[in-house]
Amino acid sequence: MNYNFTLITLFYLLLFSFSLKAQNHLSGVVKDSKSNKPIKGAAISIRDINIAAYSDSLGRYDIKNIPGGVYLVDISIAGYATKIESIAVKGATRKDFVLESSAFQLKEVIVTGVTMATDKQKAPIAITTVNAADLLENSATNVIDAIAKTPGVSAITDGQSIAKPVIRGLGYNRVLTVNDGVQQVDQAWFDEFGIEADPDAVNKYEILKGPASLAYGSDAIAGVINLIPDQPLPDGQVKGDILYNYQSNNGLMNTMAHLAGTNKGISWSARIDNTRAHAYQNKYDGYVLNSQFSNFNADGTIGLHRKWGYTQVHASYFDMQTGIVDGTRDSTTGVMERQVAYPQLNNGAPTYVIPTKQEQTSYTPFVINQRIRHTKIVWDNSAAVGDGRIKGIFSWQKNQRQEANDPTIPNTADIYYSSNAATYDVRYIAPQINGFDFSGGVNGVYQSSQSLGTLMLIPNYNFFEIGAFAIASKKIGKLNLTGGIRYDTRTFNGIDHWVDSTNQAPAAPNAVNAFHEFPGFTSRFSGMSFSFGGTYDLSKTMFLKANIARGWRAPNVAECAANGVHDGTVVYEIGDPTLKPETSLEEDLAFGVNAKDIDFEIDLFNNRINDFIYARGLKTASGLDSINNSLNAAGLGAAPVYKYTQGQAQLYGGEIAVNIHPSTLPWVQLNSTLSYVMGGLLHAPDSTKYLPFVPPTRVTADLKFPFSTLGKSISNAYFKVGVLSCFEQEKIYRQYAIYNGLNTALTPYEYAASTAATKGYILFNMGAGGDIVSNGKIVCKLYLICNNLFNTAYIDYMSRFKYDPVNYTTGRVGVFNMGRNLSIKLIIPLDFSPKTI
């Protein structure tokens, strides 16, 4: 932590030492290519310095407080193709832009895993983006659910409130989440822990697919999910919006209010929102009891833009309460039951009862439930140094996860993990010279975690990681080359701890029944990462990409030090502090077309991981499953024993995305995607041959009919229909059945179902929306979305509910996914800006 403080202090001193610089600004006019008329409302953005402007009614724009240098500038507005240009800004710089009419945005700027803002087509790494318009036109219940159908992306789900991102078949600590510009530091190793982020605060997703350790270090071996917020508003503007979203299936109600402004280089924003939903429904299970959740979010930002650069502070708070579904049913009716403990019933011992209709639609979670809080403060800075700049971003984060799973003490958290963390990232971005870009720096993370509950699976721990990196890119005619190298070290300390062997509660070393569950240890990990690739423009509309990258991942706390019952799976886990870091080598190849009437891209990958870490069931001398009976006295029963071990894994596959948008038929668009991945352990027996939670092949198709106007009162309208087809998954990691507490003797139906192929399914969706206009101004935006139009009953392969108990009234195993769901979104824009021309 002293090292972090030194870095922050040095950067703080440096930040304000470059204020005596000439004033630079970029101005010009934005016009229509055919009519040559000015375009009002076009956004002119410089992503690298977090600044933008809008064109006025005469098409004029002016961006001030720009440090001298070369920047990638993007110009965008609905109804026109996005334009991207590299512009050298020095003194008073003028640049006019001419935009071509288009209902489809052909170009995008990305900021994830690159030296500076980059044209997506020029980056050799595989990146998919989801913008604000796409998010509004689709319905979701959490921040990862919103992107779970993106090519190459899926989610491991625990109902409607918890979703863990999976990129090309890899999840948990292999996917790193960036939120508000910094790594999200939480407890990603746990099955029932999702991402603590407010979906209403995300303006754009950038999803980097493949090893991203070069830019982000350990935990990005599979890729990065970057949650990007709104940019500060242009100077002189004060705007906001009010959002209301209702969903019919689960009674979800989401209310959000947001306001932001900028005046004389001082920017600010504030947001508050609340979401709550009762249990979701499907036609086989009825109400899925205890899938209800609620969360409250708030965030605010204050920033300063000057000629030397910018500095801003962002603070956010996330607070979610969610139930955990255990799938227990009444044997006669098949209705899901509620776990209770009443003094007058069974002498106060835990028991199950059939819930009332009011309890089935309650917005308050029952036991078992979780409360998850994440508090974060981010300090983001950029300071000019000559024609280059130094960027530094630092954060403090506190993560608290509480789980109450004992109905006799419903207000006591049996499991309670509390962590404090700090992240830092300081880099120098050199000025562009003859098409050559370079950046280098250091970044890393510190985390300290304590268990404050009565049950412990992992010890208290802390770790510190630091990595140094250098990334460069060079443009040579039609060829763009990018490469870099990085070295990381991580020191992990597991804290010595004793527990009571009868209930896993903390105990003194000399206490009766004391058991040395977590011997103290220190493990040191290090890894080298590199990436090298290029893009080549075959023509004005066709391109080729190739990249090779090496990533690494240090073992997480459960893999190093688990020694107890994993309550989410009811197995006894044993970690190993001598595990080695995982290392991967991935090759990517892509071909794309970006034309006026069609854009198409096919991405292929092959990823081989050495020292891949996984949990393997232990066997007795007679070949039977090893069973741990130490918690019978605590009522948790016998648990199969799993120990983390290592092997070699390989994943390969790819994605195809096709978007057809004929310029001669601007009222129709067809968008289709294909995602395919195969993953397995090499030289492994059949029971562990295939990796768990590798998603099945998936195809999506959406037919959209956009209309610029519908009469005098509706603009930017659309209607679309879509289909999603998930294939049958036959490649099963069969030991995962045992890992979820299933065996042939006690749960024969569930065991048989979990080791069989998971059936495929087809879902149909529909949506419509547009802007309601009065006197030339948008009064509100309205979106109607219907998912699972025909109320199809299905269990997604990535749902952990497929292991839930059998419904003896129907013979079906597991809990099914959500049925038909109608979503209504209403957005009221607010504008308190002074009137302009």
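No hydrogens, no waters, no symmetry mates; every other heavy atom, side chains included, goes into these values. Note that the coordinates shown come from a computational prediction; the quantities given were computed from them, not determined experimentally.
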Can any side-chain N or O of D285 pair as donor or acceptor with the backbone N or O of N282 at less than 3.5 Å? no

Is there side-chain contact between E582 and W552, with at least one heavy-atom pair below 4.5 Å? no

Counting C-beta onward and ignoring hydrogens, is there a side-chain heavy-atom pair between P229 and D180 closer than 4.5 Å? yes

Residues Y461, F492; criterion ring pair (Phe, Tyr, Trp, His ring centres under 6.0 Å); working and verdict: CA-CA 7 Å; Y461 68 90; F492 189 99; 5.3 Å; yes

Aromatic centroids of Y794 and F816 separated by under 6.0 Å: no

E196 and Q184: side-chain hydrogen bond (donor to acceptor under 3.5 Å, both in side chains), yes or no, with the steps? CA-CA 8 Å; E196 314 87 349; Q184 188 93 346; 3.2 Å; yes

Between S451 (side chain only) and N460 (backbone N and O only), is there a donor and an acceptor less than 3.5 Å apart? no

Can K580 be said to sit on top of F525's aromatic six-ring, NZ or CZ under 6.0 Å from centre and within 45° of the ring axis? no

Any donor-acceptor N/O pair, D414 side chain to N405 backbone, under 3.5 Å: yes

Can you list the steps and then say if E337 with R329 is a salt bridge (charged side-chain N to carboxylate O under 4.0 Å, His left out)? CA-CA 5 Å; E337 294 181 309; R329 304 173 188 269; over 6 Å; no

Y363 six-ring face occupied by R276 cation (under 6.0 Å, within 45°): yes

OH on Y644 to CG on N556, rounded to 0.5 Å: 6.5 Å

Do Y205 and D134 pass the side-chain hydrogen bond (donor to acceptor under 3.5 Å, both in side chains) test, and can you show the C-alpha distance, the side-chain angles, and the key distance before you say yes or no? CA-CA 10 Å; Y205 292 79; D134 295 328; over 6 Å; no

Are H278 and S362 packed together at the side-chain level, in the sense that at least one heavy-atom pair is separated by less than 4.5 angstrom? no

Between E465 and S218, is there a donor-acceptor pair closer than 3.5 Å when you use the side chain of the first and the backbone of the second? yes

Indicate yes or no: at least one non-hydrogen side-chain atom of P805 is less than 4.5 angstrom from one of V815. no

Side chain of D496, backbone of G520: donor and acceptor closer than 3.5 Å? yes

Would you call R800 and D158 a salt bridge, taking side-chain N to carboxylate O under 4.0 Å as the test? yes

Derivation of the side-chain hydrogen bond (donor to acceptor under 3.5 Å, both in side chains) call for N297 and D273: CA-CA 5 Å; N297 308 283; D273 70 77; 3.0 Å; yes

With salt bridge (charged side-chain N to carboxylate O under 4.0 Å, His left out) as the test, would you mind laying out the steps for D200 and R271 before giving the verdict? CA-CA 9 Å; D200 291 334; R271 181 192 322 272; over 6 Å; no

Just checking, is any N or O donor in the side chain of N493 or T522 under 3.5 Å from an acceptor N or O on the other one? yes

Donor on one side chain, acceptor on other, Q447 and S419, under 3.5 Å: yes

Using modelled atom types only, decide if a donor and an acceptor are shared between the side chain of S448 and the backbone of N462 within a distance under 3.5 Å. no

Under 3.5 Å, side chain of N420 to main-chain N/O of K398, donor-acceptor pair present? no

Rounded to the nearest 0.5 angstrom, the OG1-CD1 distance for T322 and I372 is 6.5 Å

Between D219 and R174 (salt bridge meaning N to carboxylate O under 4.0 Å), is one present in this structure? no

With a 3.5 Å cut-off and no angle check, do the side chains of E206 and T112 form a donor-acceptor pair? yes

Do T128 and K209 have side-chain atoms, one donor and one acceptor, less than 3.5 Å apart? yes

Assess whether a salt bridge exists between R168 and E586, defined as any Lys/Arg side-chain N lying under 4.0 Å from an Asp/Glu carboxylate O. yes

Apply side chain to side chain contact (heavy atoms under 4.5 Å, CB included) to residues L227 and V143 and explain how you reach the verdict. CA-CA 9 Å; L227 316 179; V143 73; 4.1 Å; yes

For the residue pair T275 and M253, establish whether any side-chain heavy-atom pair is separated by less than 4.5 Å. no

So do the side chains of Q402 and Q370 get within less than 4.5 Å of each other, counting heavy atoms only? no

Any donor-acceptor pair under 3.5 Å linking the side chain of N290 with the backbone of G323? no

Polar side chain donor-acceptor pair, D326 to Q339, under 3.5 angstrom: no

Under 6.0 Å from the six-membered ring centre of F693 and within 45° of its axis: does the NZ or CZ of K731 meet both? no

Any residue meeting salt bridge (charged side-chain N to carboxylate O under 4.0 Å, His left out) with R698, in chain and number order, not counting sequence neighbours: none

Decide side chain to side chain contact (heavy atoms under 4.5 Å, CB included) for L579 and Q646; before the verdict, give the C-alpha distance in whole Å, the side-chain angles of both, and the deciding distance to 0.1 Å. CA-CA 8 Å; L579 291 174; Q646 297 187 280; 3.6 Å; yes

When you measure from the side chain of K376 to the backbone N and O of W396, does any donor-acceptor pair fall under 3.5 Å? no

Using 4.0 Å as the upper bound for N to carboxylate O, is an ion pair formed by R371 and D319? yes

With sequence neighbours left out, write down each residue that passes ring-ring contact (aromatic ring centres under 6.0 Å, His included) with W498, or none if nothing qualifies. H516

Measuring from R490:CZ to S523:OG, what's the distance to the nearest 0.5 Å? 11.5 Å

Stepwise, does the side-chain hydrogen bond (donor to acceptor under 3.5 Å, both in side chains) test hold for N787 with N821? CA-CA 5 Å; N787 288 338; N821 186 28; over 6 Å; no

Ion pair E403/R401, N-O distance below 4.0 Å: no

Any N817 side-chain heavy atom under 4.5 Å of S799 side chain: yes

Please confirm whether the backbone N or O of F515 pairs with a side-chain atom of E517, one donor and one acceptor, at under 3.5 Å? no

S823 side chain to N245 side chain, donor-acceptor N/O pair below 3.5 angstrom: yes

Interatomic spacing from OG in S294 to CZ in F296 - rounded to 0.5 Å: 11.5 Å

Output all residues satisfying ring-ring contact (aromatic ring centres under 6.0 Å, His included) with F518, sequence neighbours left out; order by chain, then residue number. none

Under 3.5 Å, is there a donor-acceptor pair between the Y416 and Q400 side chains? yes

Whether E559 and K643 form a salt bridge (side-chain N of Lys/Arg under 4.0 Å from carboxylate O of Asp/Glu) is what I want to check. no

